[in-house]
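The block underneath contains the structure these notes are about, expressed in structure tokens.
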Amino acid sequence: MLNVKNLEFKYRGAKGNTLKGIDFNIHRGEIFGFLGPSGSGKTTIQKVLIGLLKGYNGSINVFGKERKNIGRDFYEKIGVAFDFPNLYLKLTAKENLQLIAYYYKKPPQELDCLLDRVGLLPDKNKVVEGFSKGMKMRLNFIRSIMHNPTLMFFDEPTSGLDPVNAKIIKDIILQMKSEGKTIFLTTHNMTIAEQLCDRVAFLVEGQIALCDSPYALKLKYGRKTVKVDYLEHGKKGTSEFGLDLLGGNQRFQEIILDREIISIHSQDASLEDIFIKVTGRELL
Amino acid sequence: MRLIGAIKSDLRFQYKHGFYAVYTFITVLYIIIMHKIPGGLIKDYAGALIVFSDPAMLGFFFIGGIIMLEKQQGVIDYLAVTPLSPEEYITAKLATLGFLSICAAVVITLTTHAAGVNWLILLLAIASVSVFFTLYGFLVAAGCRTINQYFLRMIPFLLLIILPCFAVLEFPYSWVFNVLPNVAGVKLTIGAFIGISWQETLFYIIVISVWNWAIYRVALWVHRGGGDHR
Ligand SMILES: Nc1ncnc2c1ncn2[C@@H]1O[C@H](COP(=O)(O)OP(=O)(O)O)[C@@H](O)[C@H]1O
Ligand SMILES: [Mg+2]
């Protein structure tokens with residue numbers, strides 16, 4: 001569906017390349033996530049892929065053709081949501097959808113239904129200027145999917161949303177995947193990536209540090225551990241042990257046998273831990 | 001059809017941002033000024049200048065305001081990832097502002113100059129001049145990221161276009177300026193009020209058309225990202 005080879009991009013006036021030779025493939029029906037700290041180049045990749053930033057090196061093959069050579073028909077088939085809501089501020093929510101809907105050959109889906117899905121139906125005739133950031137993000141999101149695209153690009157789709165609304169957006173994304181749509185998304189939120197993505201790419205300073213499914217990454221880099229809290233000479237202590245060969249661990253046995261145990265939890269390495277471990281960087 | 005959609009969209013946008021209210025106010029002001037001017041040749045010239053400067057300035061300033069608003073709201077980036085083509089995007093702007101110019105020119109002329117106006121020439125002049133100035137203003141705004149940048153850049157562009165108009169004052173070799181679109185536009189508009197030969201009319205229309213074609217190509221190139229500052 002989308003094959004990218006040795007993609008490089010340099011902003012006009014910038015010192016070096018912002019994207020430094022990126023390779024990845026996205027398969028049909030997959031949710032593929034780009035993860036990385038802010039400034040790593042996630043937004044830049046998305047803008048290059050959708051053709052908003054021109055003049056890349058390398059190859060972007062999408063729908064079986066080179067990106068540079070695809071005409072405007074491309075935009076009938078893709079849906080794009082930017083990281084900040086870019087809406088007509090003086091127009092109403094409904095007008096914002098209707099005016100854009102004119103530009104597609106396929107008549108957009110039932111607009112009221114979409115508005116209702118993200119809780120904006122009661123506000124459909126209100127001017128967007130007075131909307132909260134979260135409301136704008138939701139409107140921005142449904143505008144990108146109203147024409148029923150097959151490939152979608154979402155830049156930080158849940159940023160600025162409260163947990164309830166973030167869940168609504170995540171559910172819509174998962175539903176679209178179940179309908180066979182392909183989704184590219186970027187985020188700096190590991191939990192989102194774990195919940196949604198079939199595969200993730202860790203992006204650091206314009207390069208992919210690692211790319212695999214969250215499950216495989218955890219298997220490979222994560223170590224399952226148990227965390228034991230206990231009392232030792234009246235003071236609280238905490239120790240962590242790997243699950244493998246736990247039975248033979250002397251210190252663990254000592255604690256279990258002789259100390260007063262407060263709690264025992266088994267822990268899974270999170271994607272976030274893996275990111276830090278592999279890249280040596282925090283996600284911000 | 002996408003172009004119709006874009007025109008509807010632009011009409012709505014311009015209306016909601018108060019462009020039409022501002023324009024109604026300016027038109028009324030022009031009409032009041034015209035009524036204070038005594039009749040005769042002076043009035044013909046004054047009428048021509050007002051009717052000319054009207055679409056010119058309207059195209060130039062309004063397109064700047066529209067583009068900067070679209071940039072600030074980010075919609076210009078969103079439109080770039082819809083099937084709407086750069087040609088359709090620009091054409092819709094030319095059509096809406098051109099229509100507004102023609103309406104204003106007709107209202108001003110009808111209320112002040114009922115007789116003796118060559119309407120065909122007047123409409124041709126207004127339409128072609130409006131296209132030129134809208135595209136010219138488009139180029140000024142295209143490379144700007146902030147309103148301040150736009151205001152700074154606008155001034156030299158504005159002077160560049162106003163100064164040659166003094167060529168209407170006939171000095172030696174002033175005819176050289178006739179190949180400029182703004183001078184051709186002024187002369188054509190004046191001609192609509194005081195009379196003009198068909199050869200001259202044809203010449204000016206060709207001059208403006210050639211300029212319009214050229215500046216349209218440049219505007220398209222810039223809009224497609226040729227002068228990309230991102
Ligand atoms: N218009 C621009 N011109 C020059 N450099 C830019 C521009 N936009 C972003 N950058 C730089 O490119 C890098 C990647 O930015 P971005 O793609 O926005 O990262 P992310 O989305 O991961 O936060 C940053 O170092 C940023 O400073
Ligand atoms: Mg970003």
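Because the structure is predicted, anything quoted here is derived from the model rather than measured. All chains are named by letter (A, B, ...) in the order of the sequence lines, taking the proteins before the strands, and each is independently numbered beginning at 1.
- The side-chain tip of B/Arg2 does not point at the ring of A/Tyr102 from less than 6.0 angstrom away and within 45° of straight on.
- Interface with chain A: from residues 94-103 of chain B, no residue qualifies, criterion being any non-hydrogen pair under 4.5 Å.
- The part of A/Phe82 that comes within reach of chain B is its side chain, from C-beta onward, which places non-hydrogen atoms under 4.5 angstrom from that chain.
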Result block: side-chain N/O donor-acceptor pairs under 3.5 angstrom for residues 127-135 of chain B, not counting sequence neighbours:
| residue | atom | partner | partner atom | Å |
| --- | --- | --- | --- | --- |
| B/Ser128 | OG | B/Leu124 | O | 2.9 |
| B/Ser128 | OG | B/Ala125 | O | 3.2 |
| B/Thr134 | OG1 | B/Ser130 | O | 2.7 |

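- B/Ser9 OG to A/Leu91 CG: the interatomic distance, rounded to the nearest 0.5 Å, is 7.0 Å.
- No donor-acceptor pair closer than 3.5 Å links the side chain of A/Lys90 to the backbone N or O of B/Gly18.
- Highest contact tally toward chain A, considering only B/Val75, B/Leu69, B/Leu3, is held by B/Val75 [criterion: heavy-atom pairs under 4.5 Å].
- Around the NZ atom of A/Lys65, the shell of radius 6.0 Å holds no more than 12 heavy atoms that belong to other residues, nucleotides or ligands.
- Summarising the geometry, atom OH belonging to A/Tyr103 is positioned 11.5 Å from atom OH belonging to B/Tyr78; distances are rounded to the nearest 0.5 Å.
- Of the possible polar contacts, none joining the B/Gln73 side chain to the A/Asn86 backbone as a donor-acceptor pair under 3.5 Å is found.
- Scanning all heavy atoms of the two residues, the minimum distance from A/Glu95 to B/Lys16 falls at OE1-NZ, 3.4 Å.
- Atom-to-atom distance recorded for B/Leu84:CG and A/Leu99:CG is 11.5 Å, nearest 0.5 angstrom.
- Interface residue B/Leu79: backbone and side-chain heavy atoms are both found under 4.5 Å from chain A.
- Contacts from residues 69-80 of chain A to chain B, taken as heavy-atom pairs separated by less than 4.5 Å, involve A/Arg72, A/Tyr75, A/Glu76, A/Val80 in sequence order.
- Between chain A and the residues B/Glu70, B/Met1, B/His17, B/Gln72, the largest count of heavy-atom pairs under 4.5 Å involves B/His17.
- Heavy-atom neighbours of B/Tyr15 OH from other residues, nucleotides or ligands within 6.0 Å: at or below the threshold of 12.
- Counting non-hydrogen atoms of other residues, nucleotides and ligands closer than 6.0 Å to NZ of A/Lys5 gives a total of 12 or fewer.
- Contacts between A/Gln98 and chain B at a heavy-atom distance below 4.5 Å are absent for every atom of the residue.
- Going from atom NE2 of A/His147 over to atom OG1 of B/Thr82 covers 9.0 Å, rounded to the nearest 0.5 Å.
- Residue A/Leu89 touches chain B through both its backbone and its side chain, counting heavy-atom pairs closer than 4.5 Å.
- Within residues 57-64 of chain B, no residue has any heavy atom under 4.5 Å from a heavy atom of chain A.
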